[in-house]
Amino acid sequence: MVLEPLPVMHGQVECEVYNCDVTDLIKYVSGDILYLDPPYNARQYCTNNHLLETIARYDNPVVYGKTGLRRYAEQKSAFCIKSKVEEIFSELIKNANFKYIFLSYNNEGLMSFETIEKIMKKYGRYTVESKEYKRFKSDSARAVKTDKTVEYLHCLVKHN
C-alpha cells in the first residue's frame with residue numbers, strides 16, 4: 001500500500017486533533033456543537049477500523065486471525081458494554097461544555113430510547129428526529145426480527 005499525502009489547504013481556521021478517550025477529553029474541550037456517534041452494540045469499532053488505526057498510527061502491528069486484526073484490548077469502548085453504557089453516556093452529557101449536543105443512535109442499541117431521552121432531558125431542552133431505514137443484514141444465517149431499523153438524531157440544547 002502506498003500512502004500519498006493530500007494537498008495542504010491553507011485557510012484561516014485553526015484546528016486541533018485529539019487521540020484519546022472521549023470521556024477524558026470532554027472535560028477539557030468546549031464549543032458550540034458536539035456531535036456524538038458512539039457504538040450501538042457490543043461489537044468493538046476498533047476491530048472494524050483496524051486498517052484505519054494502522055494508517056493513523058503509522059505503525060507495523062503484529063496482527064492475528066484470518067483478516068489480520070491488530071490487538072485492541074486497550075481500546076475497548078465502554079459504549080459497547082451493556083452494564084457500562086448508561087453510566088458512561090450520562091457522565092459524557094453531564095461533562096459536555098457545548099450548547100448543542102447531537103447524538104446519532106438507532107433502535108437496536110444497547111441503550112434504550114427512553115434511557116437516552118431521560119439522560120438528555122436532565123440537562124436542557126430535548127427533541128428527537130427519526131428516520132426508518134432498510135436494515136443492513138451482514139449475516140444471512142442470523143435470525144432477524146425485522147427488516148427495518150430506526151435511526152434517531154437526539155438533540156439537546158444544554159442550559160448553562
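Index from 1, following the sequence. Side-chain atoms are counted along with the backbone in the values below, which use heavy atoms only and exclude waters and symmetry mates.
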Checklist line | Minimal non-hydrogen separation, Leu110 against Ile81, with atom names | finding: CD1-N, 3.8 Å
Next item on the list: Give the minimum heavy-atom separation between Met111 and Glu86, together with the two atoms involved.
Entry: SD-CA, 4.1 Å
Inter-residue atom distance [X].[atom1] - [Y].[atom2], 0.5 Å rounding:
X: Asn107; Y: Tyr152; atom1: CG; atom2: OH; value: 5.5 Å
X: Asp32; Y: Tyr100; atom1: CG; atom2: OH; value: 8.0 Å
X: Thr127; Y: His154; atom1: OG1; atom2: NE2; value: 10.5 Å

Next item on the list: Determine whether more than 12 heavy atoms belonging to other residues, nucleotides or ligands lie under 6.0 Å from atom CD of Glu117.
Entry: yes
Check: Is it true that atom CG of Asp37 has more than 12 heavy atoms of other residues, nucleotides or ligands lying nearer than 6.0 Å?
Finding: yes
Next item on the list: Scan Thr23, Leu103, Thr115 and name whichever one has a side chain to side chain contact (heavy atoms under 4.5 Å, CB included) with Phe89.
Entry: Leu103
Quick one: does any side-chain atom of [X] pair with a main-chain N or O of [Y] as donor and acceptor, under 3.5 Å?
X: Tyr18; Y: Val29; value: no
X: Lys158; Y: Ile93; value: yes
X: Asn95; Y: Ile26; value: no

Next item on the list: Report the C-alpha distance between Lys148 and Val150 in whole Å, list the side-chain angles of each, state the deciding distance to 0.1 Å, and finish with yes or no for side chain to side chain contact (heavy atoms under 4.5 Å, CB included).
Entry: CA-CA 7 Å; Lys148 303 235 187 267; Val150 179; over 6 Å; no
Check: When you check the gap from the basic side-chain N to the acidic O, do Lys94 and Glu91 get nearer than 4.0 Å?
Finding: yes
